Structure formats: C-alpha cells, structure tokens
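Worksheet for the structure shown next.
A quick note: this is a predicted structure, and the numbers were derived from the prediction, not measured. Values reported hereafter were calculated over all heavy atoms of this structure, with side chains retained and with hydrogens, waters and symmetry mates removed. Atoms within a ligand are numbered from 1 in the order they appear, just like the ligands themselves. Numbers for residues simply follow the sequence, beginning at 1.
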Amino acid sequence: MLNNLVLVLNCGSSSLKFSILDPKNSKKYLFGLVDRLYLSNSYIIWFENKIKKKILIGDYISHIKSLKFIIKIIINNKNNLISKIKYIGHRVVHGGEKFIKPIIINDIVIKEIKKNSIFAPLHNPINLLGIDAAIKYFPKLRKNNVAVFDTSFYHNIPEFAYLYAIPYKFYKKYRIRRYGAHGISHYYISKRTSKILNIKLNNLNVITCHLGGGSSISAIRNGICVDTSMGLTPLEGLVMGTRSGDIDPSIIFFMHNILGKDINEIQKILINQSGILGLTNGITSDFRDIEKTYYSNIESYRAVNVFCYRLSKYISAYTSTLNGKLDAIIFTGGIGENSALVRELTLSKLKLIGVEINNILNYQKHSQDYFFINKNNTIPILVISTDEELVIAKETKKLFL
Ligand code: ADP
C-alpha cells in the first residue's frame with residue numbers, strides 16, 4: 001500500500017513547503033517547511049513519524065539552498081520513503097488563460113510556465129526552481145511531475161469582475177485581465193467549510209481570506225469563485241509582506257516623472273520593498289515581528305492597521321457579490337491562522353454586516369485544524385488550516401488513474 005506516494009513541492013514567496021503523502025487517505029509521512037527565506041535565522045522544520053525536528057540553517061537562505069536541504073531530508077529518511085514516491089506535484093502560481101486544469105509537466109509546459117512569469121515574477125520562476133530540482137534529483141520520475149495552478153480556481157470569474165476598465169484591446173490582444181492567485185488554498189478552504197457547515201458546496205456562499213507572505217481574498221458563490229483580490233499578477237489587492245497591494249496607478253507616474261525612478265526600480269519598490277516592509281520603514285516583512293510590538297511600536301501599529309483596514313474593506317465589498325447570503329467568513333494562511341490580533345482588528349469593523357467576533361474564542365489556543373470565533377447566532381467566522389499540499393497531491397494522482 002505504501003508505494004504510491006506523492007511528493008509535493010510548494011515553493012511560496014516567503015516559505016517553501018514540502019510533503020510526502022498518500023492522497024488516498026490524506027496520510028502525511030514526511031512534511032515540513034523552510035521558513036524565513038531571505039531573512040535572518042532561516043530554519044527548516046519537519047515532521048517524520050509525528051516527531052518534530054527543527055534546525056536553523058543560516059541567514060538569508062534562498063529557495064535553491066532550501067530545496068537542497070529538503071532533498072537531503074527526503075534522501076536520508078530512514079524509512080526509505082524515496083523509493084515509495086511515484087509522483088511529484090508542484091504548486092504553480094500562474095497558468096494564464098491556457099492552464100485551467102492540472103497538467104503533466106513536459107518541456108512545452110515548462111516553456112509556458114516560464115512565459116507566464118511576466119504575470120507572476122515573484123512566483124513562477126520560484127515554482128520552476130522546484131520543478132528543476134525534482135527533475136534533477138528524481139530523474140526516474142521525469143514523466144510523473146504535475147503542475148497544479150493557483151489561477152485555475154478563478155477561470156469562472158465573470159467578465160465584469162476580471163476585466164480592467166482600460167481599452168478593451170489590451171485584454172483582447174494581450175490577455176490583460178484579473179487572473180487571481182492562491183486558488184489552491186481558497187479551493188481547499190471552501191471545500192472544507194462545506195463539510196464543516198454541512199452545506200453542499202454548490203450551495204455555499206463564503207468569503208475566504210488567505211493571509212500569509214502573500215495575501216488574497218476570494219468571494220465564492222454556490223461553490224464557484226466570483227471575484228478575488230489578486231489581479232493580472234499577485235501584486236494587486238491586500239497589503240502583503242513586501243507587496244503593496246492596491247495603489248493609485250498615478251503613484252507610478254509620480255515616481256517616474258517627479259522622482260526620476262526607472263520602471264525596474266519602481267517594480268522592485270512595489271514588489272519587494274512595500275507592504276509590511278515598506279510601512280515599517282524597512283524593518284521587517286514578517287508579521288510575527290510586528291504583531292508582538294503592535295501596542296508599543298509606532299511602525300508596527302501603522303503597518304497592522306493599514307493591513308486590517310484594507311482587509312475589512314474587501315470583506316464588506318465582497319458581500320455584494322453573494323446574492324444576499326453569506327454562510328461564513330474564513331481565515332487561513334500563516335497570518336490568518338495565527339494572528340488573533342488581525343482577526344480582531346479586521347472583524348470588529350464589520351458589525352454592520354452582522355459580524356460579531358468572540359474574542360475569548362479568538363485568542364484561545366486551539367488544537368483542531370479548524371475553529372469558530374464568532375458570537376452565537378451571528379455569521380460563522382472560521383479559522384481553518386489550509387492544506388494546499390493535499391489538494392496538489394490529489395490532483396496529481398488523478399492524472400494517472
Ligand atoms: P507564504 O505566503 O509564503 O506561503 P505563509 O502562509 O507561510 O506564507 O505565511 C507567512 C506569514 O505568516 C509571515 O508573515 C509570518 O510572519 C506569518 N505568521 C506565521 N506564524 C505566525 C504567527 N504565529 N503569528 C502571526 N503571524 C504569523
């Protein structure tokens with residue numbers, strides 16, 4: 001039975017997750033993550049036979065170095081798991097309009113993912129590093145690599161939500177439109193909510209907030225995503241670790257015309273130097289750092305407030321997409337699952353739409369993979385641990401049935 005395992009590589013912007021699992025019973029034999037990439041004290045944490053291990057691996061560790069650590073852990077595994085891996089699933093952020101379903105990776109697919117890097121410059125190249133590593137270190141499984149795309153979940157978004165109000169030819173000719181990202185996580189969360197609330201997926205209306213290094217929010221009506229905050233690229237929408245999210249496009253003209261910055265510099269500012277990092281004056285992009293000092297440090301206070309205000313605005317706006325029925329609001333991702341402060345500050349602004357947070361539940365430690373934090377008889381607010389790896393493993397295996 002233990003011979004059809006899937007290795008999943010989920011190369012995110014600020015962390016790199018991996019998992020060896022059996023999609024049939026969801027059992028994870030080895031899983032973990034490299035965290036604090038490109039920050040001080042990068043570390044790797046992993047679980048093997050339910051035993052937790054953690055090692056510090058240095059400062060400012062890159063994705064390539066992290067992948068090497070992960071491969072070492074897999075190869076050195078005492079249960080010889082490596083011989084049981086049959087498939088490798090990869091999270092790929094941007095599939096463009098072409099990839100609306102998972103696909104077995106060949107050279108043409110790799111080329112197309114590379115091409116889509118213009119729409120996800122912070123992600124697709126990193127996803128490709130994972131694919132390269134898998135091909136290099138597991139050559140026998142060359143034909144068993146699968147790409148599962150974040151953008152697939154959004155291919156049903158209506159035209160009025162995916163079009164930008166710029167000359168239509170930019171869509172027609174260059175496919176400039178909203179694509180979204182984080183779809184794998186939003187999909188998992190909506191399915192999980194449907195089970196928890198015992199509402200059929202095709203009847204479920206929810207707003208899902210994935211808050212991590214990158215953050216996004218989706219409106220899901222009758223189980224189908226009808227709007228999401230990330231756009232042509234994962235730069236639009238909520239405030240993120242180093243990404244600005246929404247800005248007035250005129251800021252770009254100002255930076256260029258008045259400040260003399262060239263377009264590459266501006267891109268770098270908006271993608272790598274903004275968000276939490278920008279709002280804290282370059283001190284940190286890591287939410288844990290600012291959460292601890294919210295009440296004592298002005299930089300932290302400012303950053304958290306902008307983050308939560310933007311999020312609450314989006315939640316209110318998305319209620320208008322749900323035809324008058326909101327079954328739940330869900331928080332997930334590193335911040336969404338762990339920051340009671342973010343949940344409190346965000347939800348306390350939403351009384352008008354019937355949201356009432358129970359802060360005892362919100363601040364309590366919970367051991368399950370989900371918990372409610374709303375007051376009785378108000379809109380259910382759920383915190384759910386996301387599991388992108390499980391979705392990727394299931395979708396990967398499906399292609400070989
Ligand atoms: P990625 O987008 O790279 O997948 P994650 O979902 O792992 O990111 O989330 C990373 C973010 O979550 C970081 O900003 C990190 O500081 C934040 N985070 C992780 N644990 C906590 C915690 N206990 N409290 C607050 N924030 C946390």
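For Arg177 and Tyr179, the positive end sits near the middle of the six-membered ring, less than 6.0 Å away and at most 45° from its axis.
Between Phe99 and Thr151, the closest side-chain pair of non-hydrogen atoms is not below 4.5 Å.
For ligand 1, the atoms sitting less than 4.0 Å from at least one non-hydrogen atom of Gly214 are 2 (O), numbered in the order shown with element in parentheses. Residue Glu291 approaches ligand 1 through these ligand atoms, each under 4.0 Å from one of its heavy atoms: 24 (N), 25 (C).
In this structure, Tyr38 has its ring center at least 6.0 angstrom away from the ring center of Tyr60. Between Tyr162 and Tyr171, a ring centre-to-centre spacing shorter than 6.0 Å is recorded.
Scanning the protein heavy atoms around atom 6 (O) of ligand 1, the nearest turns out to be Gly334 N, 3.0 Å. The protein heavy atom nearest to atom 8 (O) of ligand 1 is Gly213 N, 3.1 Å. Summary of contacts: the protein heavy atom closest to atom 20 (N) of ligand 1 is Asn338 ND2, 3.5 Å.
Using a 4.0 Å cut-off between charged side-chain N and carboxylate O, Arg192 and Asp369 make a salt bridge. Ion pairing between Lys17 and Asp35 fails under the 4.0 Å rule for side-chain N and carboxylate O.
For ligand 1, the polar-atom distance check finds an N/O of Ser15 within less than 3.5 Å of one of the ligand's N/O atoms. Among the atoms of Arg288, some N or O lies under 3.5 angstrom from an N or O of ligand 1.
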